[in-house]
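Written out below as structure tokens is the structure these notes cover.
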Amino acid sequence: MTASPTPAGARSSASLEPGWAEEVRALARRRDAVLLAHNYQLPEIQDVADHTGDSLALSRIAAESDASTIVFCGVHFMAETAKILSPDKTVLIPDAAAGCSLADSITVDQLRAWKAEHPGAVVVSYVNTTAAVKAETDVCCTSSNAVEVVASIPEEKEVLFLPDQFLGAHVRRVLQRENMHVWAGECHVHAGINGATLTAQAEANPDAELFVHPECGCATSALYLAGTGAVPADRIKILSTGGMLDAARTSNAKSVLVATEVGMLHQLRRAAPDIDFRAVNDRASCRYMKMITPEKLLRALREGRDEVRVDPELAARGRAAVQRMIEIGQPGGGE
Ligand code: 13P
Ligand code: SF4
């Protein structure tokens, strides 16, 4: 395989003012700020951050950090989650308009109506939800620990899983759990990575491993390919973005097809420079993630904006669900 083209939405550092990264570091020190970047951020944002990771790892770092300010280079629900966990810290996001189509796929009123149809059910919300939805949730999860979170709920209890239908289908498949209802939401980026493309690429690259994010529309196709023997099951890995990095570090593969947002390729290539990583869909770029630019990061640090505020009453109601999320799947975390 040849190298993937520059990911859509990526920009070259050549157009930036020289010294911008040093200025970011200096301003962060002055503000006593820790800089967190999600794996889907622009490469130059990932490189300047103190920590880059998946949504679970970043939530844990935000909760444990001693810094008085958290600058979250990611999307709004991630910064909101950090604020829920650390209400006394200042949380900044370089652009508060960086939303998430998946978080928008369920409102708190829709969740209340769904709960009313299933009294007594345990509500499991993916972290990609608003603070208001988290306040109506029993336990949150991310793609790295969704299976463990649902497995921790007594078998006789009904489960309402929201909002991602593909992640929900993945969890239901792994746990063979019938009493689990899944909301029909989706992320527009991951839903656009379809099974036909994945199948064609897997057939054209018979030696490549497949790393598939469970939010993808093709996750079912990947498991189907494994089930039919068309692709050996050990070549297909359904992984969170953090799980992809762990797998890359220990893989012996020469090439890997990656089914997730294209920002992920940057960390994968750094983690395993000898592996040829190629995006299954090189147009799978999240416009919200790419709203965080070096210019806006500098503005955030210079002007202390955009500050993320969560209504204290909502935050208090959502905190236990988020805390449970960061404990589950953690060494010593029980499940
Ligand atoms: P991870 O939990 O794998 O970081 O994915 C979250 C996500 O899709 C953010 O958009
Ligand atoms: Fe939301 Fe999808 Fe973007 Fe992730 S990639 S932030 S789930 S819209």
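First listed ligand is number 1; within each ligand, the first listed atom is number 1. Worth saying up front: this structure is predicted, and the values here are computed from it rather than measured.
For ligand 2, the atoms sitting less than 4.0 Å from at least one non-hydrogen atom of Ser101 are 8 (S), numbered in the order shown with element in parentheses. Less than 4.0 angstrom separates some heavy atom of Ser240 from each of these atoms of ligand 1: 3 (O). Below 4.0 Å from some heavy atom of Val75 lie the following atoms of ligand 2, by number and element: 6 (S). Near Thr241, meaning under 4.0 Å from one of its heavy atoms, ligand 1 places the atoms 1 (P), 3 (O), 4 (O). Those atoms of ligand 2 that come under 4.0 Å of a heavy atom in His188, given as number and element, are 8 (S).
For atom 2 (O) of ligand 1, the closest heavy atom belonging to the protein is Ser55 OG, 2.6 Å. Asn128 ND2, 3.2 Å is the protein heavy atom nearest to atom 7 (S) of ligand 2. Protein heavy atom closest to atom 2 (Fe) of ligand 2, with residue, atom name and distance, is Cys187 SG, 2.3 Å. Looking at atom 1 (P) of ligand 1, its nearest protein heavy atom turns out to be Ser143 OG, 3.4 Å. Closest to atom 10 (O) of ligand 1 among all protein heavy atoms lies Tyr40 CE1, 3.5 Å. Of the protein's non-hydrogen atoms, His213 NE2, 3.3 Å is the one closest to atom 5 (O) of ligand 1. The nearest protein atom to atom 7 (C) of ligand 1, hydrogens excluded, is given as Glu215 OE2, 3.7 Å; this is a heavy-atom distance. Nearest protein neighbour of atom 4 (O) of ligand 1, counting heavy atoms only, is His38 NE2, 2.7 Å.
Each of Phe161, Tyr126, Trp114, Phe166 was evaluated against Trp183; a single residue qualifies, Trp114, per the ring pair (Phe, Tyr, Trp, His ring centres under 6.0 Å) test. Partner Val280 forms a side chain to side chain contact (heavy atoms under 4.5 Å, CB included) with one of Thr197, Asn194, Val212 and no other, that one being Thr197.
Inclusion of Cys100 in the first shell of atom 1 (Fe) of ligand 2 is supported: an N, O or S atom falls under 2.8 Å. Atom 3 (Fe) of ligand 2 lies under 2.8 Å from an N, O or S atom belonging to Cys286.
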| request: Please step through side chain to side chain contact (heavy atoms under 4.5 Å, CB included) for the pair Ile70 and Val34, ending with a clear verdict. | output: CA-CA 5 Å; Ile70 296 167; Val34 63; 4.0 Å; yes

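Taking 4.0 Å as the cut-off, His38 does not count as a neighbour of ligand 2 on heavy-atom distance. At a 4.0 Å cut-off, at least one heavy atom of Glu215 sits close enough to ligand 2 to count as contact.
Donor-acceptor pairing under 3.5 Å is lacking for the side chains of His266 and Gln46. A donor atom on one side chain and an acceptor atom on the other are not found under 3.5 Å apart for Thr260 and His213.
Every N/O-N/O distance between Thr142 and ligand 1 stays at or above 3.5 Å.
Only the side chain of Tyr126 comes within 4.0 Å of ligand 1, counting heavy atoms alone; its backbone N, CA, C and O stay farther away. Using a 4.0 Å cut-off between heavy atoms, Met78 contacts ligand 1 through its side chain alone, with no backbone atom that close.
Put simply, the side chain of Ile193 does not reach to within 4.5 Å of the side chain of Leu198, judged on heavy atoms.
Here the closest heavy-atom approach between residue Ile236 and residue Leu225 is recorded as CD1-CB, 4.1 Å.
Look at Asp50 and Arg25 and you find a salt bridge, because one of the NZ, NE, NH1 or NH2 atoms lies within 4.0 Å of a carboxylate O, short of that distance. One finds no salt bridge joining Glu295 and Arg299 here, because no Lys/Arg side-chain nitrogen approaches an Asp/Glu carboxylate oxygen to under 4.0 Å. Salt bridge present: Asp47 and Arg270 bring a charged side-chain N and a carboxylate O closer than 4.0 Å.
No donor-acceptor pair under 3.5 Å is formed between the side chain of Lys134 and the backbone N or O of Arg317.
Between Phe211 and Phe277, the ring planes are tilted. Angles from 30° to 60° get that label.
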